[in-house]
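Atoms considered below: every heavy atom in the structure, side chains included; atoms not considered: hydrogens, waters and symmetry mates.
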Protein chains: 2
Amino acid sequence: MTAAARDLIHAMGYAQTTLADIARAADVPLGNVYYYYKTKDALAQAVIDTRAEEFKQLTQELDRLSDPRARIEGYLSMLVLDSEAIARHGCPIGGLCTELNKSDSPLAKPANALLRSQLDWLTRQFQQMGKAEEAAELALQLLMQLQGASVLTQAFKDATLFTRQVANSKLWLQTLT
Amino acid sequence: MTAAARDLIHAMGYAQTTLADIARAADVPLGNVYYYYKTKDALAQAVIDTRAEEFKQLTQELDRLSDPRARIEGYLSMLVLDSEAIARHGCPIGGLCTELNKSDSPLAKPANALLRSQLDWLTRQFQQMGKAEEAAELALQLLMQLQGASVLTQAFKDATLFTRQVANSKLWLQTLT
DNA sequence: GTCTATACGGCGATAGAC
DNA sequence: GTCTATCGCCGTATAGAC
């Protein structure tokens, strides 16, 4: 059920996604939702937890690579796989943060933490590339480009825009000595 | 009234902003809203038109500068003035596009056109800088960085993040021969 | 644990007095 | 043109049968 909720929230936004939508997509009766989650917010929190877990799994895979640069490239390659979904619905995490940070929902903080953890992981990779001093700034630059590319990719409905930006970012990554 | 609607939609998002909110902020009775706008969507369209008009006014001012590079710098300087608002509510245009492109509202197209017109104006400036061939790509790069900076600035609630990115963009602008 | 029916509140939209 | 009252619908949440 959290999987259905995750996909619907990505596609329609949190406020626009109704519990009836989720129940239908998960093929359970509406009333049943409340047996597993006390409130809609509680379900959204579970979705955020799922997103956090997914990213943790991804980084655990990537961290097995010995070269930090290769790890970042792997991360970028994973993102490209979702470029069509990004063209349709934007970045699932960036979009969620953008929405939840309006009219301060209690969910804003955990959602923001998803972006923060991506920033932190990227920072660690740049540190291990010997960029101790500029690591935080480089991570910020990269994440910013990805988020900006997501916004424009969605608005202009052009998935190639995202893939081209990722290609640019990979080239940029190579220029870092 | 469109001014109140514009500000509230920026602060809370379109779906979350009720006509009662707008009526209260504009200090008119709720029923009165419908004398001026047939539907909520019609009011939102007026807000989008207002945004388009504001950008047109801005570019008319900037276009009086003879140097295209100075025009872009002026544009960036205007954005910095809103960095606090961006930290609280994100980019008013990017956020609107992000929201409206989910669950295809008829308002998505006009909202996307706001971003498109910024891209087109920037492209023209780069063309006049003698970058005919790469102008579209450069405009895309710049707009992408601004949108990405807006997303992260809002999520991390750090206005200096936006001002720093704009400073970086100005430096980058100088490097273009 | 699973499902149906429904309470309750809020929002877009309308009717109609003034 | 301006304002009040209210309709109808939908969404969250709950009650309670099975």
Picking from C/dA13, D/dA13, D/dT4, the nucleotide nearest the side-chain atoms of A/K40 would be D/dA13
From the candidates C/dA13, C/dC11, D/dT12, the one with an atom nearest any side-chain atom of A/T18 is D/dT12
Output yes when at least one side-chain N/O atom of B/Y35 is less than 4.0 Å from OP1 or OP2 of D/dG1, else no. yes
Can you check the A/M1 CE to C/dT2 P distance for me, whole Å? 11 Å
Where does the angle between the aromatic ring planes of B/Y75 and B/W121 fall among parallel (under 30°), tilted (30 to 60°) and perpendicular (over 60°)? tilted
Between P of C/dG10 and CZ of B/R24, the distance in whole Å: 12 Å
Roughly how many Å is it from CD1 in A/I22 to P in D/dG11, rounded to a whole number? 12 Å
Here's a test for you: under side-chain contact (heavy atoms from CB on, under 4.5 Å), which of A/Q145, A/Q141, A/Q147 qualifies with B/Q145? A/Q145
Quickly work out the B/D41 CG to C/dC11 P distance and round it to whole Å. 17 Å
So which one's nearest nucleotide on DNA chain D is more toward 5', A/A20 or B/Y36? B/Y36
Between B/R51 and B/I93, is there a donor-acceptor pair closer than 3.5 Å when you use the side chain of the first and the backbone of the second? no
Spacing between B/L30 atom CG and C/dG12 atom P, to the nearest angstrom: 8 Å
Smallest heavy-atom separation, A/F156 atom then B/N112 atom, equals CE2-O, 4.2 Å
From the candidates D/dA13, C/dA13, C/dC3, the one with an atom nearest any side-chain atom of A/N32 is C/dC3
Tell me whether the OP1 or OP2 atom of C/dA13 has a side-chain N or O from B/Y34 closer than 4.0 Å. yes
Interatomic distance, A/Y37 OH vs D/dT12 C1' [rounded to whole Å]: 17 Å
